[in-house]
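Take a look at the structure set out below.
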Amino acid sequence: MIEFRLVPVTPFEQNCTVLWDPATKKGAVVDPGGDIERILKVVETEGIKVEKILLTHGHIDHAGGTAELARRLSVPIEGPEEQERFWIDALVQQSQRFGFPKVETFEPDRWLKDGDRVTVGKETLEVYHTPGHTPGHVVFFHRGAKLALVGDVLFAGSIGRTDFPRGDYQTLINSIKGKLWPLGSDVTFIPGHGPLSTFGEERDSNPYVADGQR
Ligand SMILES: [Zn+2]
């Protein structure tokens, strides 16, 4: 099984997630956009041994704290997919544009591809490449817990923006319908912002992607 705690970070209240395997207490920090002290406090409170950082995509509110956290914890960075490189390389410009504290760029230790697997302790997450919001966006899925971490692909009642460079609306819709829906309507997802929901609930009521086919 897998356990998690959300840590809203940055002025954008991004859902950074501390995810761990309760059997070993080994864990991962997913999308450390910033507010590193707040993340580390949760890690300490829960007694988690962080062994890696996982990234869904390269936007500042998701990836801005990555370089510093990786250095402080001496852990590798896995994800996103390699087409995300241009966003990661642009982190400094992103931080200036949005008035974020100074950030550093970085090179992930492992770029991920569709169909890859990543481990958290003794647990395994499946990786899906879900472009549209950004070209190298990935989603992490724990099949046993029916839990998906979807970044800015899908939200409760909404979908990710597609007006950024190399974003594309139809590509995003295809990612949601082609990659997420087949995982099952009973899957709970952690979006990059806002409350948790299930794929079934979104298939019922999300104005962008509902099809009533839950
Ligand atoms: Zn984003």
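Residues in residues 89-104 take part in these side chain to side chain donor-acceptor pair (under 3.5 Å) pairs, two or more places apart or across chains: Arg71-Glu104. Evaluation of the ring-ring contact (aromatic ring centres under 6.0 Å, His included) test over residues 42-61, restricted to residues two or more places apart or in two chains, returns His57-His59, His57-His62, His57-His133, His57-His137, His59-Trp87, His59-His133, His59-Phe164. Residues in residues 7-53 take part in these ring-ring contact (aromatic ring centres under 6.0 Å, His included) pairs, two or more places apart or across chains: Phe12-Phe98, Phe12-Phe100.
In this structure, OG1 on Thr24 lies 8.5 Å from CD1 on Ile48, to the nearest 0.5 angstrom. The line from OH of Tyr128 to CG of Leu112 is 13.0 Å long, rounded to the nearest 0.5 Å. Atom CG of Leu154 is separated from atom CD1 of Ile190 by 13.0 Å, given to the nearest 0.5 angstrom. In this structure, CG in Leu147 is found 10.0 Å from CE in Met1, a value given to the nearest 0.5 Å. Note that CD1 of Ile176 and CD1 of Ile159 are 5.0 Å apart. Values are rounded to the nearest 0.5 Å. Taken from CD1 in Ile88 to OG1 in Thr134, the straight-line distance is 9.5 Å, to the nearest 0.5 Å.
Within the 4.5 Å cutoff, side-chain heavy atoms of His193 are placed close to those of Asp152. You'll find the side chain of Arg85 reaches within 4.5 Å of the side chain of Glu82, heavy atoms only. Contact annotation: the side chain of Val153 approaches that of Leu172 to within less than 4.5 Å [non-hydrogen atoms, C-beta and beyond]. Within the 4.5 Å cutoff, no side-chain heavy atoms of Val187 are placed close to those of Leu180. Residues Pro131 and Gln83 fail the side-chain proximity criterion, which asks for heavy atoms closer than 4.5 Å. At a threshold of 4.5 Å between non-hydrogen side-chain atoms, the residues Glu78 and Asp116 do not count as touching.
Criterion: ILVMFWY side-chain heavy atoms under 4.5 Å apart, direct or through other members. Under it, Leu40 and Val103 are part of a common hydrophobic cluster. Leu19 and Leu69 sit in two unconnected hydrophobic clusters of ILVMFWY residues. Membership requires side-chain heavy atoms under 4.5 Å apart, directly or through other members. One hydrophobic cluster, built from ILVMFWY side chains closer than 4.5 Å, holds both Ile36 and Leu55. Follow the hydrophobic side-chain contacts under 4.5 Å out from Val42 and you reach Val50 in the same cluster. Follow the hydrophobic side-chain contacts under 4.5 Å out from Val30 and you reach Leu196 in the same cluster.
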Under the side-chain hydrogen bond (donor to acceptor under 3.5 Å, both in side chains) criterion, do Thr119 and Lys26 qualify, and how do the steps go? CA-CA 10 Å; Thr119 58; Lys26 289 179 178 171; over 6 Å; no
Ile173 vs Val209, test: side chain to side chain contact (heavy atoms under 4.5 Å, CB included). Steps then yes/no. CA-CA 7 Å; Ile173 297 294; Val209 286; 3.7 Å; yes
If you apply the rule side chain to side chain contact (heavy atoms under 4.5 Å, CB included), what do you find for Val7 with Asp35, and how did you get there? CA-CA 9 Å; Val7 190; Asp35 295 324; over 6 Å; no
Output, in order, the C-alpha distance, side-chain angles, deciding distance and verdict of side chain to side chain contact (heavy atoms under 4.5 Å, CB included) for Phe189 and Glu202. CA-CA 10 Å; Phe189 67 95; Glu202 300 313 304; 3.6 Å; yes
Could you walk me through whether Leu125 and Leu54 pass side chain to side chain contact (heavy atoms under 4.5 Å, CB included), step by step? CA-CA 11 Å; Leu125 303 176; Leu54 298 174; 3.9 Å; yes
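Ser197 and Ala156 make their closest contact through CB-CB, 3.9 Å (heavy atoms, listed as atom of the first residue, atom of the second, distance). Across Pro80 and Gly58, no two heavy atoms sit closer than the pair CG-N, 4.3 Å. Listed here is the closest heavy atom pair of Leu183 and Arg143: CD2-NH2, 4.0 Å. Across every non-hydrogen atom of Ala148 and Phe199, the tightest pair is CB-CZ, 3.9 Å. Nearest heavy atoms, Arg38 versus Val9: NH1-CA, 4.4 Å. Shortest non-hydrogen contact noted between Leu91 and Phe106 is CD1-CE2, 3.5 Å.
At least one donor-acceptor pair closer than 3.5 Å links the side chain of His129 to the backbone N or O of Pro135. With hydrogens and angles ignored, the 3.5 Å screen pairs a side-chain donor or acceptor of Lys25 with a backbone N or O of Glu46. Panel note: side chain Asp109, backbone Ile77; a donor-acceptor pair is recorded below 3.5 Å.
Within 6.0 Å of NZ on Lys177 lie more than 12 heavy atoms contributed by other residues, nucleotides or ligands.
With respect to the salt-bridge test (charged N to carboxylate O, under 4.0 angstrom), the residues Glu44 and Lys41 do not qualify. Residues Asp114 and Lys179 are paired through a salt bridge, judged by an N-O separation under 4.0 Å between the basic side chain and the carboxylate. Between Asp21 and Lys122, no side-chain nitrogen of the basic residue sits less than 4.0 Å from a carboxylate oxygen of the acidic one, so the salt-bridge criterion is not met.
Screening Thr17, Asn15, Thr56 for a side chain to side chain donor-acceptor pair (under 3.5 Å) involving Asp31 leaves a single residue, Thr56.
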